[in-house]
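Here's the structure we're looking at; comments come further down.
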Amino acid sequence: IPTGLNPSGLVVNPDGRTLYVCNYGSGTVSFIDIDPTSATYNTAKADINVGSTSKAVGVSPDGTTLIVGTETSVLLLNTADGSAKADINVGSSSKGVGVSPDGAFAVVLLDNGDLVLIDIRPGVPLDERAKAEVNVGSTSKGVGVSPDGASVYITQADGKVDIYAIVALGSSAASPAITSPFEFQF
């Protein structure tokens, strides 16, 4: 199945009908039909320009939102047509995306070693999307979210897995960089 240049990250929509592929070399995401009952089975339905290189991608559990890490931001795209829902500046490229099972949050692992919690629910104002941030180290490689959405797993190059809890805070405790009712705890 042809894609853009240097395909890297990929994820399947929960409905099983579309595969999304980040094309690092062309700055696009390919939407590929993988529904065996479709007349366009195993062909690219669209190549969406995301404006810069991308290699990390995730999809919400309801299949309506695609989360794409670009050079300096995280894009939230509508899976129906590829239109942008939000563009959240995170200041670094992404190497991994995890999504909470309830579809409320994306956990994005950045190349600079930061882990960012992003609110992906519909209707959240852009300036309130980034909820928490912690540095997990530059040797971090991958990210996953537990089935209950309470823990985040980070693989490290030294052969370890770090576990962080997503914790709701009281109104008086907040990160100095991002005002939020959440934080990561190691």
Side-chain angles (χ1 to χ4, degrees), residues 1-4 6-24 26-38 40-90 92-111 115-124 126 129-132 140-155 166 182:
I1 303 170
T3 65
N6 304 104
S8 55
L10 55 84
V11 67
V12 175
N13 191 297
D15 70 9
R17 297 187 307 220
T18 307
L19 172 69
Y20 307 100
V21 180
C22 286
N23 301 306
Y24 184 83
S26 55
T28 62
V29 176
S30 296
F31 285 38
I32 298 172
D33 182 349
I34 58 169
D35 179 358
T37 65
S38 169
T40 58
Y41 177 57
N42 282 347
T43 61
K45 299 189 284 187
D47 282 319
I48 306 301
N49 185 347
V50 294
S52 69
T53 59
S54 61
K55 59 185 173 186
V57 63
V59 66
S60 61
D62 67 2
T64 62
T65 302
L66 193 66
I67 303 99
V68 180
T70 68
E71 280 184 32
T72 59
S73 68
V74 173
L75 290 176
L76 304 182
L77 302 177
N78 183 325
T79 58
D81 61 9
S83 63
K85 294 181 175 185
D87 186 353
I88 303 109
N89 184 356
V90 293
S92 179
S93 57
S94 306
K95 56 179 149 182
V97 175
V99 181
S100 64
D102 64 359
F105 297 103
V107 181
V108 182
L109 181 60
L110 305 178
D111 282 332
L115 183 66
V116 181
L117 182 70
I118 297 176
D119 193 329
I120 61 171
R121 294 173 295 178
V124 174
L126 183 61
R129 293 256 181 213
K131 294 296 184 185
S140 54
K141 298 294 180 190
V143 61
V145 179
S146 65
D148 65 1
S151 298
V152 177
Y153 304 96
I154 305 294
T155 56
I166 301 173
F182 298 94

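Only a predicted model underlies this, so the values are computations on that prediction, with no experimental measurement involved. Count residues from 1 along the sequence.
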(request) In sequence, state the C-alpha distance, the side-chain angles, and the governing distance for Leu10 and Tyr20, and then conclude on side-chain contact (heavy atoms from CB on, under 4.5 Å). (result) CA-CA 5 Å; Leu10 55 84; Tyr20 307 100; over 6 Å; no

(request) For side-chain contact (heavy atoms from CB on, under 4.5 Å), just list the numbers for Leu126 and Ile88, CA-CA rounded to whole Å, side-chain angles, deciding distance to a tenth of an Å, and then say yes or no. (result) CA-CA 7 Å; Leu126 183 61; Ile88 303 109; 3.8 Å; yes

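Taking every heavy atom of both residues into account, Pro61 and Pro101 meet most closely at CG-O, 3.2 Å. Shortest non-hydrogen contact noted between Pro14 and Gly63 is CD-CA, 3.8 Å. Taking each heavy atom of Ala104 and Arg121 in turn, the nearest pair found is CA-CG, 3.6 Å. Cys22 and Ala56 make their closest contact through SG-O, 3.7 Å (heavy atoms, listed as atom of the first residue, atom of the second, distance). When all heavy atoms are compared, the tightest approach of Asn49 to Gly27 is OD1-O, 3.3 Å. Between Ser54 and Val68, the shortest heavy-atom contact is CB-CG1, 3.8 Å.
The shortest distance between side-chain heavy atoms of Phe31 and Leu66 falls below 4.5 Å. Using a 4.5 Å cut-off on side-chain heavy atoms (C-beta onward), Ser100 and Val107 make no contact. In this structure, the side chains of Val90 and Val108 stay at 4.5 Å or more apart for every pair of heavy atoms. In this structure, the side chains of Asn23 and Asn6 stay at 4.5 Å or more apart for every pair of heavy atoms. Side-chain atoms of Val145 and Val99, non-hydrogen and from C-beta on, never get closer than 4.5 Å to each other.
Note that CG of Leu109 and OG of Ser94 are 8.0 Å apart. Values are rounded to the nearest 0.5 Å. Distance check, rounded to the nearest 0.5 Å: CD1 of Ile120 to CG of Leu76 gives 6.5 Å. To the nearest 0.5 Å, atoms OG1 (Thr3) and OH (Tyr24) are separated by 15.0 Å. Here the straight-line distance linking atom CG of Leu75 with atom OG of Ser52 works out to 7.5 Å at 0.5 Å rounding. Atom-to-atom distance recorded for Leu77:CG and Thr64:OG1 is 11.5 Å, nearest 0.5 angstrom. The CD1 atom of Ile67 sits 9.0 Å away from atom CD1 of Ile118, with the distance rounded to the nearest 0.5 Å.
Remark: Asp35 engages no residue in a salt bridge (Lys or Arg N to Asp or Glu O under 4.0 Å) (not counting sequence neighbours). With sequence neighbours excluded, the residues that form a side chain to side chain contact (heavy atoms under 4.5 Å, CB included) with Thr40 are Asp33, Ser38, Thr43.
There is a side-chain donor-acceptor pair under 3.5 Å between Asp47 and Ser30.
Using modelled atom types, one side-chain atom of Lys95 and one backbone atom of Ser140 make a donor-acceptor pair closer than 3.5 Å. A distance-only check finds no donor-acceptor pair linking the side chain of Arg129 to the backbone of Leu117 [under 3.5 Å]. In this structure, Thr155 contributes its side chain and Gly142 its backbone to a donor-acceptor pair below 3.5 Å.
Among the candidates Thr65, Thr18, Val59, the single residue satisfying the side-chain contact (heavy atoms from CB on, under 4.5 Å) test with Thr79 is Val59.
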